[in-house]
Amino acid sequence: MIRQSLRCTGLLQNSSRAYSVIPPPRDTEEKDMMHRMLRVDHAGEYGANRIYAGQMAVLGRSRTGPLIQQMWDQERKHLAKFNEILAENRVRPTALLPLWNLAGFVLGASTALLGKEGAMACTVAVEESISEHYNSQIRALMESDPERYTELLQVIKEFRDDEMDHHDIGLEHDAESLPGYWLLKNAIQLGCKAAIYASQRI
């Protein structure tokens, strides 16, 4: 809880600044790179919100409901931050948001119909994919110019840590006990990779 509170404090401090976490692009190449990065991050957080919405529609009144709600509340903060960053930098969201709206909800609800273990298995698969994607972005920014992207790196690292927390919560709440866990996990992660690829480009 302390670690999460500190991360939240850092985000609130960043949110109150008068300038964006994204530096003005030096050229068209950097602008295109940043737009692709922000577009897919926003799409990922949007999709995660819809997944948790689907899970809550099925399990909201169960004993697992408060746990799912806790994770969803964090995802809402992530999405709000990326909404803010996209608006500040005039980045167009992916045109696939209507698809992710439906697909995310259906994925969340359908896995929740398998019970708590199904919902947690979905959480593990999705959050692991998002964490790995954030890690790849962190590596790219660190190799490029870490001082230039200090604020963006802080945001991505904080969100990555939240996603890993959700991943660990899923494992702690019996995700792997679901029959066919590995098959479901691999199928969901394949879909996540396809969504990342498409959202960067469309």
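This structure is a prediction, so every number in the text was calculated from the model and none was measured.
Looking only at side-chain heavy atoms (C-beta outward), Met56 and Gln69 come within less than 4.5 Å of each other. Inter-residue side-chain proximity for Ile130 and Cys192 is flagged as unmet; no heavy-atom pair is nearer than 4.5 Å. Side-chain contact between Val91 and Ile85 is absent, with no heavy atoms from C-beta onward closer than 4.5 Å. Two residues are said to be in side-chain contact when any heavy atoms from C-beta on lie closer than 4.5 Å; Thr64 and Met120 meet this criterion. The shortest side-chain heavy-atom distance between Glu158 and Leu153 does not fall under the 4.5 Å cut-off. At a threshold of 4.5 Å between non-hydrogen side-chain atoms, the residues Asp41 and Phe159 do not count as touching. When side chains are defined from C-beta on, Met34 counts as touching Met37, because their heavy atoms get closer than 4.5 Å.
Screening residues 56-76 for salt bridge (charged side-chain N to carboxylate O under 4.0 Å, His left out), with sequence neighbours left out, gives Asp73-Arg76. Residues in residues 29-63 take part in no ring pair (Phe, Tyr, Trp, His ring centres under 6.0 Å) pair, two or more places apart or across chains. Sorted by first then second residue, the salt bridge (charged side-chain N to carboxylate O under 4.0 Å, His left out) pairs that include residues 96-110, not counting sequence neighbours, number zero. Residues in residues 186-202 take part in no salt bridge (charged side-chain N to carboxylate O under 4.0 Å, His left out) pair, two or more places apart or across chains.
Using a 4.5 Å cut-off between side-chain heavy atoms of Ile, Leu, Val, Met, Phe, Trp and Tyr, with links allowed through other members, Leu86 and Leu96 fall into different hydrophobic clusters. Two different hydrophobic clusters hold Met164 and Ile156 under the rule that ILVMFWY side chains link at heavy-atom gaps under 4.5 Å. Under a hydrophobic-cluster definition in which Ile, Leu, Val, Met, Phe, Trp and Tyr are linked whenever side-chain heavy atoms come within less than 4.5 Å, directly or via other members, Leu59 and Leu113 are assigned to the same cluster. Under the 4.5 Å side-chain heavy-atom criterion for ILVMFWY residues, a single connected hydrophobic cluster contains both Tyr134 and Met142.
The side chain to side chain contact (heavy atoms under 4.5 Å, CB included) check on Gln200 picks up Val40, His133, Ile196, with sequence neighbours excluded. Partners of Ala125 by side chain to side chain contact (heavy atoms under 4.5 Å, CB included), not counting sequence neighbours, listed by chain and number: Lys185, Ile188, Gln189. In this structure Arg36 satisfies the side chain to side chain contact (heavy atoms under 4.5 Å, CB included) test together with Asp32, Met33, Arg39, sequence neighbours excluded. In this structure Ala95 satisfies the side chain to side chain contact (heavy atoms under 4.5 Å, CB included) test together with Arg92, Ile202, sequence neighbours excluded.
Hydrophobic cluster membership of Phe105, counting Ile, Leu, Val, Met, Phe, Trp and Tyr whose side-chain heavy atoms lie under 4.5 Å apart directly or via other members: none, as it forms a cluster of its own.
Of the possible donor and acceptor atoms, none in the side chain of Gln55 sits under 3.5 Å from a partner among the backbone N and O of Ala109. Of the possible polar contacts, none joining the Ser144 side chain to the Leu141 backbone as a donor-acceptor pair under 3.5 Å is found.
Rounding to the nearest 0.5 Å places CG of Leu38 at 10.5 Å from CD of Glu88. For the atom pair OG1 (Thr111) and CD (Glu117), the distance works out to 12.0 Å, reported to the nearest 0.5 Å.
Shortest non-hydrogen contact noted between Leu107 and Cys122 is CG-SG, 3.9 Å.
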Before you tell me yes or no, could you show the steps for Leu79 and Asn83 under side-chain contact (heavy atoms from CB on, under 4.5 Å), namely the whole-Å CA-CA distance, both residues' side-chain angles and the distance that decides it to 0.1 Å?
CA-CA 6 Å; Leu79 181 58; Asn83 281 333; 3.8 Å; yes
Let me check something: any side-chain donor-acceptor pairs from residues 23-31 under 3.5 Å, sequence neighbours excluded? List them with distances.
from: Asp27; atom 1: OD1; to: Glu29; atom 2: N; distance (Å): 3.2
from: Asp27; atom 1: OD1; to: Glu30; atom 2: N; distance (Å): 2.7
from: Glu30; atom 1: OE1; to: Arg26; atom 2: N; distance (Å): 2.6
from: Glu30; atom 1: OE1; to: Arg148; atom 2: NH2; distance (Å): 3.0
from: Glu30; atom 1: OE2; to: Arg148; atom 2: NE; distance (Å): 2.9
from: Glu30; atom 1: OE2; to: Arg148; atom 2: NH2; distance (Å): 3.3
from: Glu30; atom 1: OE2; to: Tyr149; atom 2: OH; distance (Å): 2.4

Which atom pairs, one a donor and one an acceptor, fall under 3.5 Å between side chains of residues 97-104 and the rest of the protein, sequence neighbours left out?
from: Trp100; atom 1: NE1; to: Ser199; atom 2: OG; distance (Å): 2.9
from: Asn101; atom 1: OD1; to: Arg50; atom 2: NE; distance (Å): 2.5
from: Asn101; atom 1: OD1; to: Arg50; atom 2: NH2; distance (Å): 3.3

Can you give each donor-acceptor pair under 3.5 Å made by side-chain atoms of residues 168-180, sequence neighbours left out, with the distance rounded to 0.1 Å?
from: His173; atom 1: ND1; to: Ile169; atom 2: O; distance (Å): 2.9
from: Asp174; atom 1: OD2; to: Lys116; atom 2: NZ; distance (Å): 2.8
from: Ser177; atom 1: OG; to: Asp174; atom 2: O; distance (Å): 2.6

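We find that Glu163 and Arg160 are not joined by a salt bridge, their nearest charged nitrogen and carboxylate oxygen being 4.0 Å or further apart.
Residues Glu127 and His166 bring a donor and an acceptor atom of their side chains to less than 3.5 Å of each other.
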